[in-house]
2 protein chains.
Amino acid sequence: MAVTMNDVARAAGVSLKTVSNVLNDYEFIRPATKQRVQDAIAELGYEANLTARSLRSGKTSMLGLVLSDLSAPYYAELASKLMKAAAQRGYRVLVEQSDAEGSAELNALQGPFRQLTDGLLFTPLAIDADAVASRAGKKPLVMLGEHILDPRFDLVTMKNEEAAAAVTAHLLGSGRRRIAVVGASPGESAGSAGLRLNGYRRALEEAGVPFDPALIAPAEWRRDTGAAAVAGLIEKGVRFDAVFGLNDVLALGAMHQLLIRGIKVPQDVAVAGFDDIDEARFASPSLTTISPGMDEIAERSIALLLDRISGRESAGQGLHVEAGFKLKVRESAP
Amino acid sequence: MAVTMNDVARAAGVSLKTVSNVLNDYEFIRPATKQRVQDAIAELGYEANLTARSLRSGKTSMLGLVLSDLSAPYYAELASKLMKAAAQRGYRVLVEQSDAEGSAELNALQGPFRQLTDGLLFTPLAIDADAVASRAGKKPLVMLGEHILDPRFDLVTMKNEEAAAAVTAHLLGSGRRRIAVVGASPGESAGSAGLRLNGYRRALEEAGVPFDPALIAPAEWRRDTGAAAVAGLIEKGVRFDAVFGLNDVLALGAMHQLLIRGIKVPQDVAVAGFDDIDEARFASPSLTTISPGMDEIAERSIALLLDRISGRESAGQGLHVEAGFKLKVRESAP
DNA sequence: GTTCCGGGATACATCGTTGCAGAAGATGGC
DNA sequence: GCCATCTTCTGCAACGATGTATCCCGGAAC
């Protein structure tokens, strides 16, 4: 059996509660007593039982992170950073993959997963604000990403629209006029896809370039679908001189498809993405993209969530945080 | 306050323990009683308190996964699959990043992290078998990867040596004679790097091609280091007609470096990797690599760990599982 | 010398489950 | 008609910590 607080108390010749007090930095303890307890702890190799502590205190020191798929590079990098930011503050992150399915998202919101965590970082992809609101319960919840832009919720996000406009403007600036968009999500307007598409349109407008719906290719956000979308455009006979992948893996999939068809990047078609995953720098040609300030997103979303948990930041309206971004110009669209 | 078993008991007109029995599928309960309890549960929206259950039962239904860095594509994909495999069996996975640092690995082995989990999937990179053995405690532990090949531990791994020999043989078969190896880890012999290097040497021997230590470039397993290692070789004036990256990101970093220097892949230098991450298929040129049967690794390591936890597989010797592999021939080394 | 105050420690109940032991009623064998 | 066995259900203790209330004691105040 593991050594408990009781064992420590006995060894130190104090009461169980005094041991607890030492561990919780209770103010009024004689230094000598404190020392004796700490010696006993060291000698017995005592470790607090987190489960018992959780039961009693109602806190788990774990944060939940709900995302569609951890194997997507953007989410993998984000998760890694979130875990590090949380660890620095004494929290652990429990990840749940939703596969972008509504049922999984709802489960994460209500089920045992929620119970295990003190607060949630949530990237809803399938369900809407009302669904979230009606089942969110009262533990703190911070939205990550953009599918839900709602005053009821805290949200940490990036400047999707502005950044997408900046990439588009860059492509236009290098003389491209027919810029295909890969990764649109028909019918959706508030999500990342919608916002980035808005940015694209805004940049076109500002440059006085007409918008052509034929250039917009829907696709899930993966490499293979990005490749397939470009293939589809080509086969339909749509002509374009640039591709804007709404995220990097789409852009990379698209670029791959162009290259195997003998289309030169960037000479024939320029390619740009969004996310600046590590892979973008090392692709051939390297990928022009938007660096969305992921460090800032990770830091600030953890900070905000912990503020909510501790009650430092008291509710009322949802807080909206937007991280800055940088355009990274590389070979695929100089 | 959340609804507890006691509330359910009262609502159903039975004792608290009967509710517990219903939840735990106790055999001897009258169907009518069971129904009443289940109705009460549904009506009140009762959810079992996992923390309390853990405290009482000593099980957490969580598995620990220790790896160096979740943002590395291989680990991200593996973690994703492990989580899915675990979820199917009613377990959750808690991930801990070690950054390949010994202190972090030791903490994961003993500290609170261990307490929170019923068993551990462990990829030790910095510490050795004895260090693990002396602090492993008695909860089940399954090694993942190869740094520790020790009869005391269970191990799920891939055929590193054989597979590396197969890639090397493939490169030799296409006429390459000076195959640089990127990602070696000097002094280490039992780890993945060492085993893969062994495979490389074995294939050379079998083909009667002399081994040239100048071709072996040490590097950490990242894209940037892979690129730097190739740059180093070139600058030292080492000549080579192929590069074997000990994993895919190394190979991709290396390939990037070659291409920006105007060296044609595969015409001038062929490139091959190891892991078959999704990115390999979509690189330009696409990357020849080893598919290590990650699905099998994920499935079998979860299965083995759960067998150990349940006691179905009783200890004694460590079990060693080797997943199969496939050579994926693509453009970078046809 | 009694009262008051606050530092320093303690006892007890409690968080929400599950394990163990046992009670009560039904069933069956002889 | 009685003991043995099985089914069904119950009560109590326990898991290991923390919150609340309380107690004791030395010194200050009157």
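OP1 or OP2 of C/dT18 has at least one side-chain nitrogen or oxygen of B/Asn24 nearer than 4.0 Å.
In terms of the salt bridge (charged side-chain N to carboxylate O under 4.0 Å, His left out) criterion, A/Arg56 has no residue partners (sequence neighbours excluded). Taking the salt bridge (charged side-chain N to carboxylate O under 4.0 Å, His left out) definition, one finds that A/Arg30 meets it with nothing, sequence neighbours left out. Taking A/Glu101 as the reference, nothing meets the salt bridge (charged side-chain N to carboxylate O under 4.0 Å, His left out) condition, with sequence neighbours excluded. Remark: A/Gln35 pairs with A/Gln38, A/Asp39 by the side chain to side chain contact (heavy atoms under 4.5 Å, CB included) rule, at least two apart or across chains.
Counting to the nearest Å, the C1' atom of C/dT18 and the CG atom of B/Leu55 are 10 Å from each other. The CE-P distance, from B/Met5 to D/dT10, rounds to 12 Å in whole Å.
Side-chain atoms of B/Thr4 and B/Asn6 form no donor-acceptor pair, as typed in the model, at a separation below 3.5 Å.
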Expected rows: protein N/O vs nucleotides 10-14 of chain C N/O, under 3.5 Å:
from, atom 1, to, atom 2, distance (Å)
C/dT10, OP1, A/Ser15, N, 3.1
C/dT10, OP2, A/Ser15, N, 2.7
C/dT10, OP2, A/Ser15, OG, 2.9
C/dT10, OP2, A/Thr18, OG1, 2.2
C/dT10, O5', A/Ser15, OG, 3.4
C/dT14, O2, A/Arg56, NH1, 2.5

Check nucleotides 6-8 of chain D for protein N or O atoms closer than 3.5 Å to its own N or O atoms and list the pairs.
from, atom 1, to, atom 2, distance (Å)
D/dT8, O3', B/Arg30, NH2, 3.3

side-chain contact (heavy atoms from CB on, under 4.5 Å) between B/Leu106 and B/Arg135, intermediate numbers included: CA-CA 8 Å; B/Leu106 291 177; B/Arg135 310 178 204 222; 3.6 Å; yes
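If you check every strand for non-hydrogen atoms under 4.0 Å, B/Glu47 touches sugar and phosphate atoms only.
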